[in-house]
Amino acid sequence: MNLFRGARQPFVGLALAAATGILIGEFLPPPRFPMVGGIAITILGGLVLLRWPRLGLTYLLVGWSFLLLHQIRTTDTSSLLLAARLGERSRAIVATGAVVSEPKIAPNGLASFLLKLSSVEVEGKSEESDATILVRWRGTPAFGDEFRLVGSAAPIAPPRNPGEFDMRWYLHRHDIHRALFVRYEEDGTLLRHGGGNPVLRLAQRSRVWLQAALCRGLDDSPEVQNFISGITLGLRHQTPEDIEEPFQQTGTLHLFAVAGLHVGIVAELLWMLAKVARLSRKWAAGLIIPLLLFYAAVTGLHISSVRAAIMGAVLLGASVFERKAFTLNSLAAAAMILLCWSTNELFSTGFQLSFSVVAAIVLLADPLTRFFRRYTAPDPFLPRTLLRGPNRMIDHVFTSVGQGASISIAAWIGSLALLLWYFHLVTPISLLANLVVVPIAFFVLAVALLSILTAPVLPALSIVFNNANWLFAQIVLAIVHLFAQIPGGHYYFAHPPWLGEAVGRIQVLDLGAGAAVHLQNHSADWLFDCGSERDYDRVIREYLHASGVNSLRGLLLSHGDSLHIGAAGKLLSDVRPAIVIDNPAPDRSTIHKRLRRLLQDRGINTRQIVAGDMFPLGTHGSASVLYPPAGFSAPMADDQALVIRVQFQEAPRILFMSDSGNGTETALLSSGVDLRSDILIKGQHHSGESGSEKFLEAVRPRLVIATSRDFPSHERISDDWTDRLRARGIKLFRQDESGAVELRFRPESWEARAYITGEVFRSSNR
């Protein structure tokens with residue numbers, strides 16, 4: 001099959017040329033042309049093609065046109081000009097504009113939404129602007145509302161830890177470069193309702209009604225509500241992480257992305273209704289195509305739904321005009337339309353996954369089906385009319401299973417590289433999980449659509465359909481959770497290189513006042529503390545996935561502070577450690593007490609350690625406990641935190657102080673133990689006093705990594721202490737500026753790298 005045969009599948013070559021032009025414009029941009037000059041070159045190229053049509057020249061012109069379009073869309077935009085005017089510091093502004101995205105309400109009541117500006121006022125000077133900004137406000141906005149908001153505009157913060165979602169990059173790809181924080185509800189004034197795009201406003205209101213109809217009668221089953229809303233309307237942001245993650249691990253997360261399956265069912269039902277209404281083929285297609293596009297708008301205009309709707313429109317249009325439609329050509333046409341809409345979509349994960357998976361299915365599903373039929377088809381010399389009873393049924397089952405397996409394998413192949421790159425995940429179990437789950441999900445979608453159709457006229461029947469869907473949803477959730485627990489069903493992989501020549505690696509995550517430190521060598525992974533539950537959901541889980549951590553050799557709990565050990569319960573469910581090392585000192589922490597009961601109930605190997613104990617960290621590392629001594633007790637948990645010293649082979653010593661203060665430091669100095677260490681990793685004591693002169697003199701660190709945050713004040717590193725470190729020639733990485741800090745140890749050297757700034761400190765530095 002010649003994919004570039006212009007007469008049969010012209011859009012395939014055109015889409016590839018468009019993508020090539022965008023990539024060149026992004027990574028190898030030519031010198032910028034004046035816009036008039038670039039357009040003139042495009043027009044001239046078009047005239048040449050009209051006179052001397054050549055396929056190669058056509059591809060060249062398309063590539064150039066999309067290169068030019070990408071440069072226009074990514075340079076000197078209104079959002080970039082506004083960002084340049086505001087600068088890199090926080091500025092007070094007055095923004096007037098309309099809400100152009102569905103607001104997402106956080107548990108703390110903070111609403112996040114996009115605001116399309118009409119004007120902006122900076123330092124008393126007002127000017128018109130059509131830039132789009134991200135707004136966070138404790139008000140009650142709705143799509144299309146126009147507001148006047150007074151707040152502080154600042155650059156969008158970058159991620160502070162490896163594996164953390166890069167919101168700044170995501171928003172920059174959508175030409176959003178500033179975030180506006182509106183502190184109080186009264187700082188926002190509603191100007192009018194009903195602004196914005198009327199079609200999108202209608203779609204958003206329709207989505208609210210549809211969700212209410214689908215969830216009627218299911219008030220006591222929030223998990224089922226979230227699942228049905230997600231699978232039918234693509235409302236993934238309402239699905240909790242503990243529900244969504246098993247679908248990701250089993251390769252069935254695509255069920256929450258409204259795509260070909262969803263659009264196909266909608267199109268089929270609409271076609272059946274058109275037949276009942278005795279509409280002609282042209283009238284039916286003319287009504288169904290805009291309804292499919294509206295369904296894509298109702299589900300949020302995600303890439304997969306828009307792609308499926310466009311492909312459906314092309315296929316329906318071809319049937320109306322009695323022309324043969326090529327699926328791959330329709331897929332390429334959808335890509336061209338989306339890239340015309342926004343060239344930056346080429347770099348989005350959703351675009352790449354959607355088109356690569358569908359392309360793999362189109363190219364590989366039929367050959368794989370023929371391959372399976374070789375082994376399951378009946379005797380080719382036996383007439384089909386002689387296949388009766390059980391033999392016919394068996395052949396039908398084998399055919400259906402073979403087709404399903406072919407699609408599942410093709411989709412897995414198409415998504416493998418992207419899942420590994422973006423999500424660090426390989427899911428062999430998805431080949432089986434999709435065979436079982438997708439047919440049930442088909443019934444969920446069909447019953448959901450029946451519920452929607454009957455809700456306006458027969459609400460009681462709609463509730464019956466919803467309860468039937470409750471059963472199907474429970475079955476899907478149970479199957480997915482079962483498959484997610486199968487050993488070897490999914491693996492997380494870190495991007496190469498992993499450790500390389502290093503004998504060990506330490507990642508000091510930036511969790512504000514909390515702590516989580518990952519110690520890694522070729523034979524073991526350890527975690528010293530695990531942050532709070534919020535930190536685990538926001539940072540630590542994704543970091544462990546990105547680091548390829550599928551199991552832990554051990555978890556160490558330094559003390560009973562919830563910001564240090566609050567996420568242990570979730571961690572034990574996701575990555576069960578072989579051993580948990582606990583601090584035996586008594587404390588009043590209810591979280592610590594509850595965790596100890598949980599460890600006992602689950603039968604997890606637990607060891608309590610005191611000063612003088614040692615434990616291995618794998619074949620290349622060991623840790624020794626310096627504090628607290630046996631039987632020690634203190635009124636505050638910070639005063640009895642574990643102090644650990646770690647060493648990888650002949651690498652330097654690393655001293656972990658947790659949140660210890662001057663009291664612990666004085667006790668260590670009086671114990672006579674050798675405290676000398678090259679690297680000191682510490683938090684902030686609740687009193688704000690730690691890192692005394694005598695202690696620094698005894699430790700003699702070359703590098704200090706310390707947590708720091710503005711609030712509360714005792715969590716912030718003082719300027720005086722910073723000056724004292726500088727006077728001693730000690731390098732300081734303060735995590736409010738550096739973010740996470742990675743330490744790599746080699747046989748004869750080591751280095752530390754700050755995640756945000758990229759600053760590197762090496763053992764050879766003086």
Minimum heavy-atom separation for [X] and [Y], please, with both atom names.
X	Y	result
K593	D587	CE-O, 3.6 Å
Y627	A611	N-CB, 4.0 Å
R645	L655	CB-CD1, 4.1 Å
R734	T722	NH1-OG1, 3.9 Å
P629	V610	C-CB, 4.2 Å
L696	P701	O-CD, 3.7 Å

About how many Å separate [atom2] of [Y] and [atom1] of [X], when rounded to the nearest 0.5 Å?
X	Y	atom1	atom2	value
R505	F648	CZ	CZ	10.0 Å
D574	R541	CG	CZ	4.5 Å
L171	L114	CG	CG	7.0 Å
F181	S112	CZ	OG	10.0 Å
H559	D582	NE2	CG	12.0 Å
L527	L552	CG	CG	6.0 Å

Check for a donor-acceptor pair, side chain of [X] on one end and backbone N or O of [Y] on the other, with a separation under 3.5 Å.
X	Y	value
S763	W750	yes
S547	V549	no
S692	F695	yes
R178	A83	yes
R160	Q735	yes
W137	L110	no
D638	H686	yes
H174	I176	no
S660	M657	yes
D678	R702	no

Does atom [atom1] of [X] have more than 12 heavy-atom neighbours, drawn from other residues, nucleotides or ligands, at distances under 6.0 Å?
X	atom1	result
R676	CZ	no
W169	CH2	yes
R607	CZ	yes
E693	CD	yes
R136	CZ	no
F165	CZ	yes
Y170	OH	no
Q600	CD	no

Below 4.5 Å, heavy atoms only, C-beta onward: do [X] and [Y] meet side chain to side chain?
X	Y	result
L563	L511	no
E164	R538	yes
P162	L509	yes
Q684	R716	no
L703	L743	yes
T664	H685	no
L571	L544	yes
E759	F733	yes

Please check if the distance between the ring centroids of [X] and [Y] is under 6.0 Å.
X	Y	result
H172	H177	yes
F656	F528	yes
F615	W526	yes

Subject >> From CA spacing to verdict: salt bridge (Lys or Arg N to Asp or Glu O under 4.0 Å), R709, D736 >> reply: CA-CA 6 Å; R709 61 181 300 183; D736 55 346; over 6 Å; no
**OP:** Step by step, work out the side chain to side chain donor-acceptor pair (under 3.5 Å) result for E245 and H545.
**Re:** CA-CA 11 Å; E245 187 173 25; H545 293 171; 3.1 Å; yes
Subject >> Qualifying residue, where the test is side-chain contact (heavy atoms from CB on, under 4.5 Å) with I644 and the options are L556, V517, I581 >> reply: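 Checked L556, V517, I581 against I644; only one passes side-chain contact (heavy atoms from CB on, under 4.5 Å): L556.
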**OP:** Please report the C-alpha distance between R653 and D674 in whole Å, then the side-chain angles of each, then the deciding distance to 0.1 Å, and finally whether the side-chain contact (heavy atoms from CB on, under 4.5 Å) criterion is met.
**Re:** CA-CA 11 Å; R653 294 176 173 182; D674 183 8; 3.4 Å; yes
Subject >> side-chain contact (heavy atoms from CB on, under 4.5 Å) between V480 and F483, intermediate numbers included >> reply: CA-CA 5 Å; V480 168; F483 280 132; 5.9 Å; no
**OP:** Ignoring hydrogens and angles, state whether a donor on the side chain of S558 or D529 is under 3.5 Å from an acceptor on the partner side chain.
**Re:** yes
Original post:
Between the side chains of D525 and H518, does any donor sit under 3.5 Å from an acceptor?
Top reply: yes
**OP:** Go through the steps to decide whether I105 and T140 satisfy the test side-chain contact (heavy atoms from CB on, under 4.5 Å), and finish with yes or no.
**Re:** CA-CA 9 Å; I105 311 299; T140 55; over 6 Å; no
**OP:** For the pair H490 and Y492, name the ring-plane relationship: parallel under 30°, tilted 30 to 60°, perpendicular over 60°.
**Re:** perpendicular
**OP:** Determine, stepwise, if the pair K682 / E665 fulfils salt bridge (Lys or Arg N to Asp or Glu O under 4.0 Å).
**Re:** CA-CA 12 Å; K682 66 183 296 296; E665 294 173 3; 5.8 Å; no
**OP:** Could you give me the CA-CA distance, side-chain angles and deciding distance for I565 and H592, then say whether side-chain contact (heavy atoms from CB on, under 4.5 Å) is met?
**Re:** CA-CA 8 Å; I565 67 170; H592 203 177; 3.9 Å; yes
